[in-house]
Structures are given as C-alpha cells and as structure tokens.
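Take a look at the structure set out below.
What you see is a predicted model; the values in this text were computed from it and never measured.
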Amino acid sequence: VANTSKTDDVSFDSSRGPGITGALLKPEIAAPGSSIYAAIPGNKYDYKSGTSMAAPHVAGAAALLLQADPTLTALQLKQRLVQNTDPLKESFWDHGTGRLNVQKAVQGQLALDQSAIYLGLLNSADFAKQGTRRFSVQNNSTQAIELTLKTSGTPVFLTATLSSSSVKLAPGETKDVDLSYLVDSAKVPENPPGNAVHQFNIELTGGSHTQNLPVLLDHYFLFKLNLA
C-alpha cells in the first residue's frame, strides 16, 4: 500500500516498485497516509505519516466490503479494492492502480484475473519485442454487461492490439481477451522516462463506468564506466 497526501501526491518516503525487476507488481494500491490523526501510546492522539497509516484505510475498506457482501472471498476482496481505484498522475510503480475508492469498490461489477500486465525489461537481452498477453474479465453483477475495450496512452514505439473491441458478458460469465504487442526498436528513445517505466492502459467501459488495466514496460539506463 502506497502512502498519499491530501492532494493525492505520493509521499516522498513511500516505497516504490518494482520488486525484483517487475516480478512483484508492488505497490498495488494507494491510500491516505500523510498527517493522519492517529492513536498513540498513553491514551493520546497525534498526527502521523507513513504506509502504516495508509494500510489501515485499506483494511477498513475491506471490512466495509464484507459488510456489504459477506460472501466475498479474500481474492474477490482484493480484486474489488485494487481494481476500482481513482487514477493518480504517477506510475504504477509509485502508487499501484490508484487511490482507494470505497464506493467504487462496493459497486464494482467487473473482476479481472490480474491488476496489471508486465511486458518485461525493454533493454534486456531476453526481451521479446513481439508477444501476446492474455487476461480474463468476469461479470459479477446480476445483469448482462456489454463492454467496449481499447488501449490508451501507448508509447510511440509500441503497437498494441486487442483481440476484441467489445465483449458481452452474461451474469457470472468470464471471457478471455488477448493483448498483442510489437516494439519498433528504431523508435525506442535512448533515455527512459523519469520513472523508468513506459505505461499505458487497457480501458474497459460499460455504460458510464470505465475500469483500467495498466500495462507496464520497464526501461532502465545501461550504465557504463570507463576507468581507463
């Protein structure tokens, strides 16, 4: 859980991802954690900051979700929380999918089998410049849903194609969607962005609700030191 301020900025002392070059998609979600009026020893209160202040917000939200629907499993709770956030301006490695939104989580109707797609390390020797990633989407509501799917914010050097631009889901139904990508090496910038990650979104829209699935591609400096 990342720590955000009252202005939805990620705090400077909030740990960033990735873990082990993208193998761990952390952090997964952000929540308020700066200048929180909290209990301290001695039956007192004081303003505290840190991820230790942010995490209880997510735990409390999980309790509210269980109150609204006691049948939710641990996995379903996590999907509801992580996949129904408010977007923030920095990268997934800074704040996960976004800032906690309890109302969205309670009303969430879609469940994705993953909260982000990781394509790999762009400038590594074993990076696949062309490939396909599959994700699934499930309709957890009691009504049929028709989704429109598209990508947004793709970097100039990458072409992304979805296997379907629309999906119809009956109540409880799950369907797979493929994301195919192709990297044009000639268009890859020499230097990475400031946070060393290229990120775009798969947007799933049903009615007035849009849910984002982040797609991540790391790009690190190749540092060379000449001691001659």
Side-chain angles (χ1 to χ4, degrees), residues 1-36 38 47-66 72-106 108 110-122 124 133 135-137 152-153 155 179 192-204 210-221:
V1 178
N3 162 22
T4 57
S5 68
K6 293 180 180 178
T7 56
D8 269 347
D9 293 312
V10 180
S11 301
F12 74 94
D13 57 352
S14 184
S15 295
R16 267 70 170 175
I20 317 176
T21 318
L24 294 175
L25 299 180
K26 303 289 183 180
E28 296 174 274
I29 191 173
S34 296
S35 300
I36 304 299
Y47 289 97
K48 297 292 183 180
S49 299
T51 53
S52 295
M53 298 293 105
H57 283 84
V58 181
L64 291 174
L65 261 66
L66 278 176
L72 292 174
T73 66
L75 175 60
Q76 290 170 333
L77 273 174
K78 183 176 180 178
Q79 289 172 329
R80 287 280 194 97
L81 291 168
V82 173
Q83 296 175 10
N84 294 281
T85 57
D86 286 339
L88 298 176
K89 60 187 178 183
E90 298 178 66
S91 77
F92 185 95
W93 296 143
D94 296 297
H95 50 57
T97 59
R99 198 238 313 119
L100 174 71
N101 185 316
V102 180
Q103 183 175 7
K104 280 186 180 180
V106 170
L110 300 178
L112 304 171
D113 67 333
Q114 50 200 300
S115 297
I117 295 175
Y118 183 68
L119 298 184
L121 181 58
L122 181 61
S124 64
R133 297 289 190 276
F135 65 95
S136 67
V137 55
S152 65
L179 167 70
N195 50 20
V197 61
H198 301 280
Q199 178 175 330
F200 63 97
N201 287 319
I202 299 172
E203 297 181 358
L204 302 92
T210 297
Q211 192 161 318
N212 291 320
L213 176 60
V215 184
L216 314 171
L217 178 58
D218 278 328
H219 184 169
Y220 292 146
F221 280 106

Q.
Check whether Ser91 reaches the backbone of Trp93 with its side chain - one donor and one acceptor, N or O, closer than 3.5 Å.
A. yes

Q. Does any non-hydrogen side-chain atom of Leu216 lie less than 4.5 Å from one of Asp218?
A. no

Q: Using modelled atom types only, decide if a donor and an acceptor are shared between the side chain of Asn212 and the backbone of Pro214 within a distance under 3.5 Å.
A: no

**Q.** Check against side-chain contact (heavy atoms from CB on, under 4.5 Å), Ile202 and Ile117
**A.** CA-CA 10 Å; Ile202 299 172; Ile117 295 175; 4.2 Å; yes

Q. Hey, are the side chains of Leu100 and Ile29 touching, using non-hydrogen atoms and a 4.5 Å cut-off?
A. yes

Q.
Using modelled atom types and a 3.5 Å cut-off, is there a donor and acceptor pairing between side-chain atoms of His95 and backbone atoms of Val10?
A. no

(Q) For Ala31 versus His57, what's the shortest heavy-atom pair and its separation? (A) CB-CB, 4.0 Å

Q: May I ask you to test the Val197-Leu217 pair for a side-chain heavy-atom distance under 4.5 Å?
A: no

Q: Kindly indicate whether the side chain of His198, heavy atoms from C-beta on, has any atom under 4.5 Å from the side chain of Pro193.
A: yes

Q | Side-chain donor/acceptor of Thr4 to backbone N/O of Asp9, under 3.5 Å | A | no

Q.
Would you say NZ of Lys104 has more than 12 non-hydrogen atoms from neighbouring residues, nucleotides or ligands within 6.0 angstrom?
A. yes

Q. Between the side chains of Ser14 and Asn3, does any donor sit under 3.5 Å from an acceptor?
A. no

(Q) Give me the atom names and distance for the closest heavy-atom approach of Gln114 to Gln83. (A) O-NE2, 3.8 Å

Q: Provide the closest heavy-atom pair for Ser115 versus Phe92 in the form atom of the first, atom of the second, distance.
A: O-CE1, 4.3 Å

Q: Check Arg133 against Leu119 and note the closest heavy-atom contact, atom names and distance.
A: NH2-O, 3.4 Å

**Q.** Within-4.5 Å side-chain heavy-atom neighbours: Leu112 and Leu204
**A.** yes

Q: Heavy atoms only: give me the nearest Arg80-Asn84 pair and the separation to one decimal.
A: O-ND2, 2.8 Å

Q: Scan Asn201, Thr85, Asp86 and name whichever one has a side-chain hydrogen bond (donor to acceptor under 3.5 Å, both in side chains) with Thr97.
A: Thr85

Q. So, do Lys48 and Ile36 sit near enough that their side-chain heavy atoms are less than 4.5 Å apart?
A. no

**Q.** Test item: side-chain donor near acceptor, Glu203 and Ser152, under 3.5 Å
**A.** yes

Q) Which heavy atom in Ala116 sits nearest to a heavy atom in Leu25, and how many Å separate them? A) O-CD1, 3.7 Å

Q: Kindly indicate, with the supporting measurements, whether the criterion side-chain contact (heavy atoms from CB on, under 4.5 Å) is fulfilled by Val106 and Leu64.
A: CA-CA 8 Å; Val106 170; Leu64 291 174; 5.5 Å; no

